[in-house]
Colleague: 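Here's a structure for you.
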Amino acid sequence: MKTFSEKVYDKLRTVPKGKVTTYRDLARSVNSKAYRAVGRAMKSNKNPVKIPCFRVVKSSGEVGEYSGRGGVKEKIRKLRREGICVKGNKIIDFEKFVYRF
DNA sequence: GCTTTGACACTAA
DNA sequence: CTTAGTGCCAAAG
């Protein structure tokens, strides 16, 4: 039995490039409501290389937080590189970029 | 094995 | 729009 975190990582890897997912939906996709545990798992960051943490955002459309290098700024930069426009911590056309499982 | 914590979500005012 | 309060669950200590 994989741990919750491992399942989350696995799901996150299924998110196509140029798309994002939310903590809530991600948690739900692994049959749990532990959206908080998802973020916690990211920060625990067991596998920073394989896991595109920057593709995980809040359900409200905000980018949320980030613990890598430059914090949220770096996260936004990465999102933009995927083709997602971000304006002041808010994702433009967020619903368009959300990947639904 | 119990307590605290957190990269969140939702509702109400 | 903002603040405040409540709920949620796994991981760390």
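Naming: A, B, ... by sequence-line order, numbering from 1 per chain.
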Colleague: Output the rounded distance in Å from CZ (A:Arg28) to P (C:dC9).
Modeller: 11 Å
Colleague: Rounded off to whole Å, could you give me the CG-to-P distance for the A:Leu26 and C:dA10 pair?
Modeller: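 After rounding, the reported distance stands at 14 Å.
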Colleague: Looking at DNA chain C, which of residues 87-101 of chain A put a heavy atom within less than 4.0 Å of it?
Modeller: none
Colleague: Taking OP1 and OP2 of C:dA11, is either one under 4.0 Å from a side-chain nitrogen or oxygen of A:Ser5?
Modeller: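 Answer is yes, contact under 4.0 Å.
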Colleague: Rounded to whole angstroms, how far apart are CD1 on A:Ile51 and C1' on B:dA7?
Modeller: 15 Å
Colleague: From A:Met42 CE over to A:Cys53 SG, what is the distance, rounded to the nearest 0.5 angstrom?
Modeller: 5.5 Å
Colleague: Scan residues 78-88 of chain A for pairs that pass side chain to side chain donor-acceptor pair (under 3.5 Å), counting only residues two or more places apart or in two chains.
Modeller: A:Arg55-A:Glu82
Colleague: How does the hydrophobic cluster around A:Val63 look, that is, which other residues are in it when side-chain heavy atoms under 4.5 Å mark a link?
Modeller: A:Val20, A:Phe54, A:Val57, A:Tyr66, A:Val72, A:Ile76, A:Leu79, A:Ile84, A:Val86, A:Ile91, A:Phe94, A:Phe97, A:Val98
Colleague: Residues two or more places apart in sequence or in another chain: which of them pass side chain to side chain donor-acceptor pair (under 3.5 Å) with A:Arg69?
Modeller: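 Scan of A:Arg69 (side chain to side chain donor-acceptor pair (under 3.5 Å), adjacent residues dropped) gives A:Glu74.
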Colleague: Donor-acceptor pair under 3.5 Å: do we get one between A:Tyr23's side chain and the base of B:dA9?
Modeller: no
Colleague: Measure OH/A:Tyr66 against P/B:dG6 and give the value in whole Å, please.
Modeller: 19 Å
Colleague: Expressed in angstrom and rounded to an integer, what is the separation of A:Phe4 atom CZ from B:dA7 atom P?
Modeller: 15 Å
Colleague: Does any part of the side chain of A:Val56, heavy atoms only, come nearer than 4.5 Å to the side chain of A:Leu26, both counted from C-beta?
Modeller: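 Of all side-chain heavy-atom pairs linking A:Val56 with A:Leu26, at least one is under 4.5 Å.
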Colleague: A:Lys7 NZ to C:dA11 C1': how many Å, rounded?
Modeller: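 Spelled out: NZ on A:Lys7 to C1' on C:dA11 is 14 Å.
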Colleague: Taking side chain to side chain donor-acceptor pair (under 3.5 Å) as the test, write out the residues that go with A:Thr3, two or more places apart.
Modeller: none
Colleague: Would you sort out whether A:Asp10 and A:Arg13 count as a salt bridge (charged side-chain N to carboxylate O under 4.0 Å, His left out), showing the intermediate values?
Modeller: CA-CA 5 Å; A:Asp10 197 56; A:Arg13 263 177 290 175; 3.7 Å; yes
Colleague: In this structure, are over 12 heavy atoms from other groups packed under 6.0 Å from A:Lys90 atom NZ?
Modeller: yes
Colleague: I need the NZ-P distance between A:Lys58 and B:dA9, as an integer number of Å.
Modeller: 6 Å
Colleague: Evaluate the side-chain proximity of A:Phe101 to A:Lys11: yes if any heavy-atom separation is below 4.5 Å, no if none is.
Modeller: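 Yes; the side chains approach each other to less than 4.5 Å.
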Colleague: Return no unless some side-chain N or O of A:Ser59 is found under 4.0 Å from OP1 or OP2 of B:dA9.
Modeller: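 Indeed, a polar side-chain atom of A:Ser59 lies that close.
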Colleague: Please tabulate the protein-to-nucleotide N/O contacts below 3.5 Å involving nucleotides 3-8 of chain C, giving atom names and distances.
Modeller:
| unit_1 | atom_1 | unit_2 | atom_2 | d |
| --- | --- | --- | --- | --- |
| C:dG7 | O6 | A:Arg36 | NH1 | 3.4 |

